[in-house]
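Presented below is the structure to which this report refers.
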Amino acid sequence: TPKFSEVKDETGKVIGDYKFFNKPYGLKHFLEHFEMIEFKDGSFAHKDDIVFLIDPDMALTRPLTSDFSNERETIIAPRRQGKNTLSTKVQRGIPFAQTYGLGVQWQRFDLDKIAGPD
């Protein structure tokens, strides 16, 4: 897998490192090169396939789904939704993502209480 975090100038010389490029460009590389997905000539052979990108520290508490219409299980804050009516089902051309809402609050967690002193 190529190193996607490298920032290059117009001559191709590496002038920096931006680690946040790894996830989007790594996913793009995977989608374009993983043989089972069959990406050819700018499109995917299996039009209804769904790809889940999950961080390794993600805990699953419910089955993976493409339908988020159950309002008891799916929370979309009004400030996130705005005036638009958001789709509740994953469809071609309509990606879904989790909102990162924790911010820097994790820095105030009592880690000894959560994980133990060792």
Co-membership, hydrophobic cluster, residues I50 and M36, 4.5 Å side-chain = no

N/O donor-acceptor pairs under 3.5 Å from side chains in residues 109-117, not counting sequence neighbours:
unit_1: D110; atom_1: OD1; unit_2: D112; atom_2: N; d: 3.4
unit_1: D110; atom_1: OD1; unit_2: K113; atom_2: N; d: 3.2

query = Residues two or more places apart in sequence or in another chain: which of them pass side-chain contact (heavy atoms from CB on, under 4.5 Å) with V14?
reply = E6, K8

query = Taking only residues at least two apart or on different chains, which pairs with a member in residues 20-39 satisfy salt bridge (charged side-chain N to carboxylate O under 4.0 Å, His left out)?
reply = K23-D55, K28-E32

Hydrophobic cluster identity match, L53 and F4, side-chain contacts under 4.5 Å = no

task = Check whether any side-chain heavy atom of N70 lies under 4.5 Å from a side-chain heavy atom of T65, and answer yes or no.
result = no

task = Applying side chain to side chain donor-acceptor pair (under 3.5 Å), name anything that partners D49, two or more places apart in sequence or on another chain.
result = none

note = Hits for ring pair (Phe, Tyr, Trp, His ring centres under 6.0 Å) against F20, two or more places apart or cross-chain, chain-then-number order -> Y18

query = Which pairs, with at least one residue in residues 31-51 and sequence neighbours excluded, count as a ring-ring contact (aromatic ring centres under 6.0 Å, His included)?
reply = H29-H33, F30-F34, F39-F44

query = Excluding sequence neighbours, so at least two apart, what forms side chain to side chain donor-acceptor pair (under 3.5 Å) with S5?
reply = D17

key: Set of residues satisfying side chain to side chain donor-acceptor pair (under 3.5 Å) with respect to T11, sequence neighbours excluded   = D9

request  = Check the pair L64 / I54 against side-chain contact (heavy atoms from CB on, under 4.5 Å), numbers first and verdict last.
outcome  = CA-CA 11 Å; L64 296 174; I54 302 172; 4.1 Å; yes

key: Co-membership, hydrophobic cluster, residues L27 and F21, 4.5 Å side-chain   = no

